[in-house]
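Heads up, the thing below is written out as structure tokens.
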Amino acid sequence: MPGMNILVELRLRFHQTLQGLVDDPTDLLDLVVPAQDPRFGDYQANVAMPLAKRLGRPPREVADQIVRNLQVADLCGPPEVAGPGFINLRLRDDWLAEQLQQVSTDQRLGIPAVDDPKTFVLDYSSPNVAKPMHVGHIRSTVIGDSLCRILRFLGHRVISDNHLGDWGTQFGMILYGYKHFRDQQQFAQAPVQELSRLYKLVSQLVEYHQIRRSLPELQEQLAQRIEILDQQQALGPSADAAEQKRAAKRLRGLKNQVVEMRDKVAAAEKKLAAVEESTELNRLAEQHPNIGSAVLEETARLHAGDPENIRLWHAFLPVCREEIQKIYDRLDVRFDYEYGESFYQDRLAEVVDRFRQGGLARISDGAVCVFLDGFQAPMIIQKSDGAYLYATTDLATIDFRMQTFHPDAILYVVDHRQADHFQKLFAAARLVGYDRVDLQHISFGTVLGDDGKPYKTRAGDTVGLEGLLDEAVRRAHAVVAANDDAKPTSPELDDDQRRHIADVVGHAAIKYADLCQNRTSDYKFDYDKMVALEGNTATYMQYSYARTQSIFSKGQIDAEQLRAVDSPLCLQHPTERALGLQVLRLSEAIAEAVLDYRPNILTGYLFDTAKRFSEFYQQCQVLKAESDSLRTSRLRLCDLAGRAIRLGLELLGIQVVEKM
RNA sequence: GCGCCCGUAGCUCAACUGGAUAGAGCAUCGGUCUUCGGAACCGAGGGUUAGGGGUUCGAAUCCCUUCGGGCGUACCA
């Protein structure tokens, strides 16, 4: 067997040993982990302490007993017991060298596929087709794509399905816009831009009228709050300390509310002004006072099968889709299926029927509701006007996926704000019998701007994804050009090469910045940091890879031939050993990343690998090594390091270049 | 009001799900070097992990509580 997961192997050995001490040692095996500190060796087992408690014996004694029975001599030096009962393991250099040799001819770098392949449906990206994609879509797309690549690499069957929003109110908007505001010539020449303009125009007008209706009430509420606040402030301090504290808290809460509402009112007024200051917009707003309900009617007509709206929908969809495809092409993202919301339209009634017939739903306030244990609000699957909701579509989607793909798991890569929705959805799905499929919401945080608020332009609009990518590429180009110009001898890249490199580096920077963050946390969007050449960035990994490649071109060495060399590697220098071990641990990194669907584990691994390589390269001469055999060994190590980095990046959906 | 998430170095973030002295990258300061790619490497300073209490051999991590933030909260997605 070429290669293995070292951690898995060690756990296997511990499993055998621990069976003599306890009935089921499975849960203890998680306590065999990579060492926290190089001083403790390569791996450590923390099993003795909890076990000692269970057995009622001193932990060091238990540790000693484990060490005596442990069969690891073929891969480790003698285990050591330290501290309260930690068992420290250090892999044998000759074993590592042997492993590396085996791995070097293996396409997969010794990473085994899983024994029990499963079927996953991955639901990610899922933009609304009538709206331009914006920064908020990038995380779902990039994280989903990476998980897809990783799971496939591990041998799972993965079905990626882009659940497009192609049936909602946004289509009502462009239908209305097309019918009332279109510029026919523009539409003929550049339909994408024209539809996008219409969408923005209609949504602005709809919002305008909404605000005009709601603003007085909002202002009134604000006035009331201020009044209450004044009253509270006028009250003298209470004699009771506890009461005084509560009053202070109430006061703070009120003040926050007032500030919040003031901001709301100000934002609303600004939006009104934007329309009113433009004679053109003002005129349109006056001519279309009922645009809000009219848009809903267009949507309803579409859903009811109105021939004209259906015809337009069929005409618009490919146009919108094409716009989105440009982004996917740039990001190198593909899907197996794109069953959008529209696909499920004629399956919604039966979903509701099933719930009603099963006695799982009942009518409340005219709407069909599913009341679920542990939730205050029900999940509404049909509105009082008869319309269906996204909850209905999502349930129909689960039906379809279960019947079509028979998945073991369905993963939804969607931002954290929809956590509630998914909890209800999953609970409802279990109610109708889908209790064996693993339904998971892979949630992620918000992309923030410099100010710590959701990333917007200065004008307050969301940032279009295409412009974002352009900017990253532009900056990457500037950096690549500057660096090439500064090379000690002379620049070595022509314009085409520079453009290609900037393209790869720029897109990689965006993806990596997203993936290297723990997905559950929000993160600040910062071009400078993304395209930075140092630190944990795609650029640094790509640079490290390019360095490994440049050694081969400089030495005019054929890597293929090198891989076939039939002798173990030399790991005498500490940096050689550290790099070699690091290469062998890609398998662990992938396994851990997939455990909780966290690509940032993989980026962390790559960063470590790049650092190990730098250290090695700094301290060990490769082409000028003392002997031929050492030179060959080090070249092989460079090859392995480069391949580990390239493979890791590939699993993140990031490409490499040979020179940069 | 209720529910969920979060608070870690000046800044941006990790921390293998309870392990040993909490780590990186920026930034700051110092060093290496007649560059196999210096887009590098080595080192230093910087912390009461928001505060308090608890659980246990052991807590950033689990429980309670206070403070501060974000998000969601019956017919949008």
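The figures that follow rest on heavy atoms only: side chains count, while hydrogens, waters and symmetry mates do not. Numbers restart at 1 for each chain; the letters A, B, ... are given by sequence-line order, proteins then strands.
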**Request:** Take atom P in B:C2 and the same atom in B:C64, then report the distance between them in whole Å.
**Result:** 15 Å

**Asked** Roughly how far apart, to the nearest Å, are B:A22 and B:A9 at atom C1'?
**Response** 11 Å

**Asked** Can you name the residues that form a salt bridge (Lys or Arg N to Asp or Glu O under 4.0 Å) with A:Asp415, not counting sequence neighbours?
**Response** A:Arg417

**Message:** If you count every heavy atom of other residues, nucleotides or ligands that lies below 6.0 Å from A:Asp450 atom CG, does the total exceed 12?
**Reply:** no

**Prompt:** Is there a donor on the side chain of A:Arg39 or the base of B:U21 sitting less than 3.5 Å from an acceptor on the other?
**Reply:** yes

**Between B:C13 and B:C57 - C1' atom distance, rounded Å** = 32 Å

**Message:** Between B:G31 and B:G47, how many Å separate the two P atoms, rounded to a whole number?
**Reply:** 24 Å

**Message:** Which nucleotide wins on minimum distance to the side chain of A:Glu341, given the candidates B:A77, B:G72, B:A20?
**Reply:** B:A77

**Complete:** In numerical order, the residues of residues 385-397 of chain A whose heavy atoms come under 4.0 Å of RNA chain B are A:Leu389, A:Tyr390

**Those residues that, when tested against A:Arg498, pass salt bridge (Lys or Arg N to Asp or Glu O under 4.0 Å) (two or more places apart)** = A:Asp484, A:Asp485

**Prompt:** Just by protein heavy atoms under 4.0 Å, how would nucleotides 1-15 of chain B read 5' to 3' in B, S and -?
**Reply:** BB---------SSSS

I'd like a list of close polar pairs between nucleotides 56-62 of chain B and the protein, N/O only, cut-off under 3.5 Å.
residue	atom	partner	partner atom	Å
B:U56	O3'	A:Lys53	NZ	2.8
B:C57	OP1	A:Lys53	NZ	2.3

**Message:** Between B:U73 and B:A60, how many Å separate the two C1' atoms, rounded to a whole number?
**Reply:** 30 Å

**Prompt:** According to the 5.5 Å centroid and 30° plane-angle thresholds, does A:Tyr543 stack upon the nucleobase of B:G37?
**Reply:** no

**N or O in side chain of A:Tyr617 less than 4.0 angstrom from B:A40 OP1/OP2** = no

**Request:** Just call it for A:Glu615: base, sugar-phosphate, or nothing, with non-hydrogen atoms closer than 4.0 Å on any strand.
**Result:** sugar-phosphate

**Asked** Want to settle it: does A:Phe86 or A:Lys659 sit nearer the 5' end of RNA chain B, counting the closest nucleotide to each?
**Response** A:Phe86

**Prompt:** Checking all strands, does A:Cys638 fall into the base, sugar-phosphate, or nothing category for heavy-atom contacts under 4.0 angstrom?
**Reply:** nothing

**Prompt:** If you measure from the P atom in B:G19 to the same atom in B:C75, how many Å do you get, rounded?
**Reply:** 43 Å

**Complete:** Regarding the side chain of A:Val33, the nearest nucleotide among B:U17, B:G37, B:A74 is B:U17

Got a list of side-chain donor-acceptor pairs under 3.5 Å for residues 618-629 of chain A, not counting sequence neighbours?
residue	atom	partner	partner atom	Å
A:Ser627	OG	A:Ser629	OG	3.4
A:Ser627	OG	A:Leu630	N	3.1

**Asked** Is A:Lys453 positioned over the aromatic face of A:Tyr455, cation under 6.0 angstrom from the ring centre and no more than 45 degrees off axis?
**Response** no

